[in-house]
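Just so it is clear, the values below take in all heavy atoms, side chains as well, and ignore hydrogens, waters and symmetry mates.
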Amino acid sequence: MDMAFCVLSFDIGGTSIRAATAFDGGAPGEVSRFDTPAHDREAFLARLAGIAAELAHKPDAIAISLAGVVDPETGRMIVANIPAIHDTDLSADLQALTGIPVVIANDADCFAVAEAVFGAGRGHQIVFGIILGTGVGGGLVSGGRLINAGGGFAGEWGHGPIAPTMAGGIAIPHFACGCGLSGCLDTVAGARGIERLHAHLHGTPLDSRAILEAWRAAEVAATRTVSVYLDLIAGPLAVCVNLTGATIVPAGGGLAGAHDLLAAIDEAVRPLTLWKFDRPLVVPATSGAEPGLAGAAAIAFQKQAQSS
């Protein structure tokens, strides 16, 4: 009798590592949590290898989701929040240490795959998964698989100087972005972005939760902020839909947890797309609480299926 194909899936952040196992194409099971040795390469590798070694039987693959990019030509990581593995070939290093094949993908890409395989994107050929969290990210999936299977940045709509400079009849400056450019959607479309907009428009700082609560209460300043926010985000997102042919845009991240805001984004975007959708286009994510783990595991299962 054949043993089930087992994937050890990791979702790794700058402070914590979440780990779970998945079998034969299914979603990951119970999640364990560990501290991230973010500044010590040997300790980082030892932590992951140790987790693998403690399993009842050796996993057939290790799948990793993290907030970084794999250079598709060199395999080296670009990951700012974990200096221990920045500019290293984590896949090769961990495989050499464990003897287990390793796949790595950006966390937004893993989110998009999780939504395509397990969530709101099931049944859709092209899925554009977006993250509206502290900042903005995204991933692009076709036929359940990443467009940029070897790493890279397809779907990263948050970066590039495309933020409108007029919204709601008001001039909006191109704010400096952490990526080194100015005018990125990341500076205005995530939680920190809506806070930046509110301060720019009204001269008073307010956190994103308070802004949305005030918007729900129809307070004038917050209503103006959200109106400008929707004007800023709608056009660029509509262009992304037109460029990709996506027929569903699942949204995750903390800001996307405000489903009334997502509904307002959907209402603002749909009139601007070439295909006039008669159903919601921008929708809440439904792949569960651990899309990074689920998406990373799904990518590993896809690679196993290709090789068998």
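- No continuous path of hydrophobic side-chain contacts links L132 to L272 [ILVMFWY only; heavy atoms under 4.5 Å].
- R224 places a side-chain heavy atom less than 4.5 Å from the side chain of H202.
- For the pair L8 and L55, the minimum side-chain heavy-atom distance is below 4.5 Å.
- With sequence neighbours excluded, the residues forming a side chain to side chain donor-acceptor pair (under 3.5 Å) with R18 are D11, E290, listed by chain and number.
- Remark: of the listed residues D89, D93, D87, D87 is the sole one forming a salt bridge (charged side-chain N to carboxylate O under 4.0 Å, His left out) with R76.
- Panel note: side chain D186, backbone V136; a donor-acceptor pair is recorded below 3.5 Å.
- Residues F277 and D266 fail the side-chain proximity criterion, which asks for heavy atoms closer than 4.5 Å.
- V188 is not listed as a side-chain neighbour of V228, based on a closest heavy-atom distance of 4.5 Å or more.
- Side chain of R196 to backbone of T187: a donor-acceptor contact under 3.5 angstrom is found.
- Between M166 and I172, the closest side-chain pair of non-hydrogen atoms is not below 4.5 Å.
- By the 4.5 Å heavy-atom criterion applied to side chains, V283 and L262 are not counted as neighbours.
- Here the side chain of W157 pairs a donor or acceptor atom with the backbone of G137 at under 3.5 angstrom.
- S16 places no side-chain N or O within donor-acceptor distance of the main-chain N or O of I12, the cut-off being under 3.5 Å.
- Between the OG atom of S307 and the CD atom of Q302 there is a distance of 12.0 Å, given to the nearest 0.5 Å.
- Under a 3.5 Å cut-off, the side chain of E115 and the backbone N or O of T286 do form a donor-acceptor pair.
- By the rule that hydrophobic residues join a cluster once side-chain heavy atoms approach within less than 4.5 Å of another member, L197 and I211 end up as members of one cluster.
- A donor-acceptor pair under 3.5 Å links the side-chain atoms of E195 to the main chain of S208, judged by distance alone.
- Looking at S9, its side chain does come within 3.5 Å of a backbone N or O of L293 through a donor-acceptor pair.
- Linking Ile, Leu, Val, Met, Phe, Trp and Tyr whenever their side-chain heavy atoms come within less than 4.5 Å leaves L90 and I299 in two separate clusters.
- For the pair V102 and I64, the minimum side-chain heavy-atom distance is below 4.5 Å.
- Looking at heavy atoms from C-beta onward, Q306 lies in side-chain contact with R145 at the 4.5 angstrom threshold.
- Side-chain polar atoms of H174 and S182 form no donor-acceptor pair below 3.5 angstrom.
- Under the 3.5 Å distance criterion, the side-chain polar atoms of T36 are left unmatched by any main-chain donor or acceptor of A38.
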